[in-house]
Each structure stands twice: as C-alpha cells, then as structure tokens.
Amino acid sequence: MNRHFTDARYYFRRGFEHLYAGLDEETAPLRRRLMAALGREVEDEPEPTPQTRRERVEYGARRAATRSRRAAGRVRRRVRRPE
C-alpha cells in the first residue's frame, strides 16, 4: 500500500474517532435524561484517588489535559464566526 492510502486510512480513522467523541459529548445530556425517565439512572463512579506519587502525577496530567481541552472548546465556541 503506498503512502497516500496509508495516510488516508489514518485520517479517516481519526475523523471517526473525533466524530464519535463529539456525538458522545453532545448526546450525553439527552442520554442522562432518557435513563432517568426509564428509571435506570446510572451514577457516575468516583475516580479512585491516586496512591503513589507517579499515580498522582499521571492523574494531574490527565486532569490538566481534560481541562485545557474543555477551555479551548469554550473559546472556540465564543469566537466562532456566525454563518
């Protein structure tokens, strides 16, 4: 397989990963309301607290990455040009 097909396959897969993540995020409130209406409400399990120094650092890095992605998304939505 030449490089163009390999690249296309990579970007196609990444596109679907982003599509799935976006759909999951956008439909989360609807799914929560639906599950509550059906009486099958699922409570979020608290994350286990990190015990070792390495776990604390890894947890902090994941949390910082998540917070920065959310902040970037909020900024993008604010500055998005009207269509």
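Between the CZ atom of Arg33 and the OG1 atom of Thr27 there is a distance of 11.0 Å, given to the nearest 0.5 Å. The line from CZ of Arg14 to CZ of Arg9 is 14.5 Å long, rounded to the nearest 0.5 Å. For the atom pair CZ (Arg31) and CG (Asp24), the distance works out to 4.5 Å, reported to the nearest 0.5 Å. With values rounded to the nearest 0.5 angstrom, Arg70 atom CZ is found 8.0 Å from Glu25 atom CD.
Across every non-hydrogen atom of Arg56 and Gln51, the tightest pair is NH1-O, 3.0 Å.
The side-chain heavy atoms of Thr66 and Arg69, taken from C-beta on, include a pair separated by under 4.5 Å.
Of the possible donor and acceptor atoms, none in the side chain of Glu26 sits under 3.5 Å from a partner among the backbone N and O of Leu23.
Aromatic pair Phe16/Phe12: ring centres closer than 6.0 Å.
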